[in-house]
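Down below is the structure, laid out as structure tokens.
For the numbers below, each heavy atom of this structure counts, side chains included, while hydrogens, waters and symmetry mates do not. Order of the sequence lines sets the chain letters (A, B, ...), proteins ahead of strands, with each chain counted from 1.
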2 protein chains.
Amino acid sequence: MKDINSEIAYKFIRKRILDGKYPPGYPLMTEDLAKVTGVSRTPVRDALRQLETDGLVSIRPNRGARVKQVDLNEFREMCELRLALETYAAGLAARNRTPVELQEMRACLARMQECTDRLLASKEEPQEVLEKLLIEDIRFHVAIISSAKNRLLKKEVLRLHVINRVVAGPMPGRADQEVGKGKNRRAAIQKCHDAIYHAIERGDVQAARATMEEHIQDIIDNFIKVMAQTEAPLDERTLSEEELSYLT
Amino acid sequence: MKDINSEIAYKFIRKRILDGKYPPGYPLMTEDLAKVTGVSRTPVRDALRQLETDGLVSIRPNRGARVKQVDLNEFREMCELRLALETYAAGLAARNRTPVELQEMRACLARMQECTDRLLASKEEPQEVLEKLLIEDIRFHVAIISSAKNRLLKKEVLRLHVINRVVAGPMPGRADQEVGKGKNRRAAIQKCHDAIYHAIERGDVQAARATMEEHIQDIIDNFIKVMAQTEAPLDERTLSEEELSYLT
DNA sequence: ACAAATCAACATGTATACTTTTTGTTTGAT
DNA sequence: ATCAAACAAAAAGTATACATGTTGATTTGT
């Protein structure tokens, strides 16, 4: 991010958080991290601050840093943010997309269709295909956000996706959660994607928004369902007051 | 924010940025700030990082920090973000608002109406009334965001408002820009606010969104118009690559 | 005289010693 | 035996000295 050494620390810690080696709640002590990363405490602290703004770490004054734990309420809030941003982005994409971006989306759709077909054909659900499907799904969504031509919007959405990923756990085992389990569901998702694509292609802002909103809402509902039965909700309340400081 | 001393520095610098004493582009040198704030460079650096995540300061590696300058493109992007978030928030508010929150909104509307009436009556436009109008306007919007019951969303919107405020310059002189100049325009805004309120009151999600979107879009259009004739656009490009790091 | 390279100054980035705060344990009184 | 207060260990926060990089001016070569 900023400097050579703090960037080393940043990348190091971030990687481990995304890998799941530092799971949510894991205490991140500056001295230990300094030893492990080979830099001093100062750049480690910088890195932790940066990770805090990424939403991956929470720092409490005089009490150190931990890998962020997201309780169910905060998760809901993050989902609503995604919904607001990605829906709006789809509308922008319908206005601003270029031919090559449309081509990219079509390519993603085709590759996803291929994966889906393969899954429908075989009785088992090979992990490898599921993961490929997930990757293409992400690509598709990123292509749309990119077409919106708004870097801030894109950055924010990607940030939320990354946090989501940490909450959900590491890559292997995520695929079936996100891509959907039943064959019906998978077919439905494919249909959704098609609808979104066509709305964007014909420049229909309202339709792009509506279809995207429905799609994301569906993903989120499914995700929360899976999450609620898996995890025990953990909390970490910090009451606001930003409203007050805002007018002073 | 975090620690005692870095919080001192944070508040100190933030205040001056919002006051306009440190205008956009102003170089923020750690040593100078350390002297002025009475703390050492370390907490000053922390404060600058925090301000960077607030979007008020930009830090470039090995080249120091400056008060953030927003070029016209980035400003447009921020506006689109606001549009996405506040529009969605209005929809949530229509679902989640409580009676006392509705009361608060009505109170704001009444006070704004009073201001508007006073302005329509007198020939001049006393600065004091304009500022009161602006304050009530902000209160109204904050009340809506609060009713959405989403702290993340609210925090993000307030963050954008603060940046907007810095871009627009200090309080005196802003009022006429934001509140609108002509009497027609002011009446139109009042109508917009009423429409938004009624949609939220009757729990009409779609109408709340639609009216809010129209309203914010109108504010933004006006703002950009004023801004474009006032300022020469300045740039500060940093090419992304976050898309790449996202999949690794 | 102008361009490029060099050097000096200055600001940022880093390491480390020092201070303060937190946290858990021991000890003492009821 | 229980609770509380004092204390000790450890980690965060802070200050400062040192290293590294940037900037702009001076010098040198063509």
Side-chain angles (χ1 to χ4, degrees), chain A residues 1-14 16-17 21-54 56-69 234-239, chain B residues 1-14 16-17 21-54 56-69 234-239:
Chain A
M1 304 273 64
K2 303 276 82 98
D3 338 305
I4 298 192
N5 278 10
S6 62
E7 192 178 359
I8 291 172
Y10 174 80
K11 285 182 176 166
F12 183 95
I13 302 166
R14 185 175 189 275
R16 302 228 164 173
I17 293 174
K21 283 175 187 160
Y22 296 161
Y26 187 89
L28 299 167
M29 284 174 302
T30 52
E31 206 150 14
D32 297 357
L33 292 171
K35 265 178 207 145
V36 180
T37 56
V39 303
S40 83
R41 283 176 56 214
T42 312
V44 167
R45 259 172 65 83
D46 279 358
L48 290 174
R49 279 272 157 77
Q50 185 60 46
L51 288 163
E52 188 191 25
T53 81
D54 290 348
L56 294 177
V57 160
S58 78
I59 303 178
R60 295 183 314 181
N62 282 315
R63 306 177 83 212
R66 287 169 176 271
V67 178
K68 176 130 190 173
Q69 285 180 324
L234 291 154
D235 47 315
E236 173 188 0
R237 290 286 60 149
T238 54
L239 219 61
Chain B
M1 306 276 59
K2 305 277 82 97
D3 338 305
I4 298 192
N5 279 10
S6 62
E7 191 178 1
I8 291 172
Y10 174 81
K11 285 182 176 167
F12 182 96
I13 301 166
R14 185 175 189 276
R16 302 228 164 174
I17 293 175
K21 282 175 190 161
Y22 295 161
Y26 187 89
L28 299 166
M29 282 175 303
T30 53
E31 207 150 0
D32 296 357
L33 292 171
K35 265 178 207 145
V36 180
T37 56
V39 303
S40 83
R41 283 178 54 216
T42 311
V44 167
R45 258 173 66 85
D46 278 358
L48 290 174
R49 290 253 195 238
Q50 185 60 46
L51 288 163
E52 188 191 25
T53 82
D54 290 347
L56 294 175
V57 160
S58 79
I59 304 178
R60 294 183 315 179
N62 283 315
R63 305 171 96 222
R66 287 169 176 273
V67 178
K68 177 131 189 171
Q69 286 180 322
L234 291 155
D235 47 315
E236 173 188 359
R237 290 288 60 150
T238 54
L239 218 61

Completion exercise
For A/Ser40, the side chain to side chain contact (heavy atoms under 4.5 Å, CB included) test, sequence neighbours excluded, returns A/Thr42, A/Pro43
Problem - Spacing of B/Leu33 atom CG relative to D/dT14 atom P, expressed in whole Å - result: 16 Å
Handout entry: Between P of D/dA11 and CZ of A/Arg66, the distance in whole Å
Key = 12 Å
Handout entry: Nearest-Å distance for atom pair CD1/C1', residues A/Ile59 and C/dT22
Key = 17 Å
Exercise for the section: Rounded to the nearest 0.5 Å, what's the gap from CZ on A/Arg49 to OG1 on B/Thr53? Could you check? Expected result: 9.5 Å
Handout entry: Residue whose nearest DNA chain C nucleotide is more 5′ - A/Ser40 or B/Gly64
Key = B/Gly64
Exercise for the section: Give a yes/no answer on whether the side chain of A/Arg45 brings an N or O atom under 4.0 Å of OP1 or OP2 in D/dG13. Expected result: yes
Exercise for the section: Could you state the atom-to-atom distance from CG of A/Asp32 to C1' of D/dA11 in whole Å? Expected result: 10 Å
Problem - Length of the CD-P vector between B/Glu31 and D/dC18, whole Å - result: 15 Å
Practice task
Quick one: which residue pairs count as a salt bridge (Lys or Arg N to Asp or Glu O under 4.0 Å) with a foot in residues 21-38 of chain A, not counting sequence neighbours?
Solution key: A/Asp19-A/Lys21
Practice task
On DNA chain C, check which nucleotide each of B/Thr42 and B/Thr30 is closest to and give me the residue with the more 5' one.
Solution key: B/Thr30
Practice task
Compute the bend angle of the helix from C/dA1-D/dT30 to C/dT30-D/dA1 from the end axes (five pairs per end), rounded to 10°.
Solution key: 0°
Problem - Donor on one side chain, acceptor on other, B/Ser58 and B/Arg66, under 3.5 Å - result: no
Problem - Nearest-0.5 Å distance, CG of residue A/Leu48 to CG of residue A/Leu56 - result: 11.0 Å
Problem - Candidate nucleotides D/dA17, D/dG21, D/dT14, ranked by approach to the side chain of B/Arg41 - the nearest - result: D/dA17
Handout entry: Whole angstrom value for the distance that separates C1' of D/dA15 from NZ of B/Lys35
Key = 15 Å
Practice task
Measure from CD1 on B/Ile4 to C1' on C/dT19 and round the result to the nearest Å.
Solution key: 12 Å
Practice task
Return yes if a side-chain donor-acceptor contact under 3.5 Å exists between A/Asn5 and A/Tyr10, otherwise no.
Solution key: no
Practice task
Check every strand shown and say whether B/Leu48 touches a base, only sugar-phosphate, or nothing at a heavy-atom separation below 4.0 Å.
Solution key: nothing
Handout entry: Value in whole Å for how far the P atom of D/dA12 lies from CG of B/Asp46
Key = 13 Å
Practice task
Return no unless some side-chain N or O of B/Arg63 is found under 4.0 Å from OP1 or OP2 of D/dT23.
Solution key: yes
Practice task
Give a yes/no on whether any side-chain N or O of B/Asn5 is located under 4.0 angstrom from OP1 or OP2 of D/dA15.
Solution key: yes
Problem - B/Arg45 and B/Thr30: side chain donor to acceptor below 3.5 Å - result: no
